[in-house]
Each structure stands twice: as structure tokens, then as C-alpha cells.
Participant: 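Handing you a structure now.
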Amino acid sequence: MSLPIAILLMVVLFVLGVVAGFFFARNYMKKYFKENPPISQDMIVAMMSQMGQKPSAKKVNQVMNMMKHQK
């Protein structure tokens with residue numbers, strides 16, 4: 001096999017690997033977010049209500065800000 005053909009083959013395989021990796025990662029992230037949705041304000045209100053607290057807008061915003069800063 002000549003050198004130019006070998007280099008072309010490696011480049012083509014690299015591009016195919018990048019494309020396949022992109023679609024694999026995309027499908028994995030879609031599945032992950034479907035199984036583990038990010039926490040929303042409605043979820044925080046429900047959680048606070050279950051704990052016996054009165055969920056005010058100020059408390060909900062404080063919890064949301066705390067969670068953003070932890071990440």
C-alpha cells in the first residue's frame with residue numbers, strides 16, 4: 001500500500017470515528033436527560049411542600065441559585 005493511500009485511509013477513518021462518536025454521545029445525552037431531568041422550579045416547590053414548608057418565590061429562587069452555584 002502506498003503512503004498517500006494509507007494517509008487518506010487514516011483521515012477517512014478518523015472522520016468516520018468523529019461522526020460516529022458525535023451521534024453516540026448525542027443519543028447517550030438524550031437518554032440521560034430523559035431518565036434524569038434537570039431540576040426545575042416546579043420540582044423544588046413540590047419538594048418543599050412535601051417537607052412541610054410554605055414555598056415562597058424567594059425561597060424557591062434561593063434554592064435554585066444554590067444549586068446553580070454548586071455545579
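Residue indices begin at 1 and follow the sequence shown. Please read all numbers here as calculations on a predicted model, not as lab measurements. Note that these values count all heavy atoms, side chains included, but never hydrogens, waters or copies made by symmetry.
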Participant: Return the NZ to NZ distance between K34 and K30, rounded to the nearest 0.5 Å.
Facilitator: 10.0 Å

Participant: Taking all heavy atoms of M64 and all of S40, pick out the closest pair and write down the distance.
Facilitator: SD-C, 4.3 Å

Participant: Below 4.5 Å, heavy atoms only, C-beta onward: do F22 and V18 meet side chain to side chain?
Facilitator: no

Participant: Using side-chain heavy atoms (C-beta onward) and a distance below 4.5 Å, is M67 in contact with V63?
Facilitator: yes

Participant: In the structure I gave you, are the side-chain heavy atoms of Q41 and N61 within less than 4.5 Å of one another anywhere?
Facilitator: yes

Participant: Measure the spacing between OG of S49 and NZ of K54 and express it to the nearest 0.5 Å.
Facilitator: 8.5 Å

Participant: So, taking the atom named NZ in K59 and the one named CD1 in I44, what distance separates them when rounded to the nearest 0.5 Å?
Facilitator: 13.0 Å

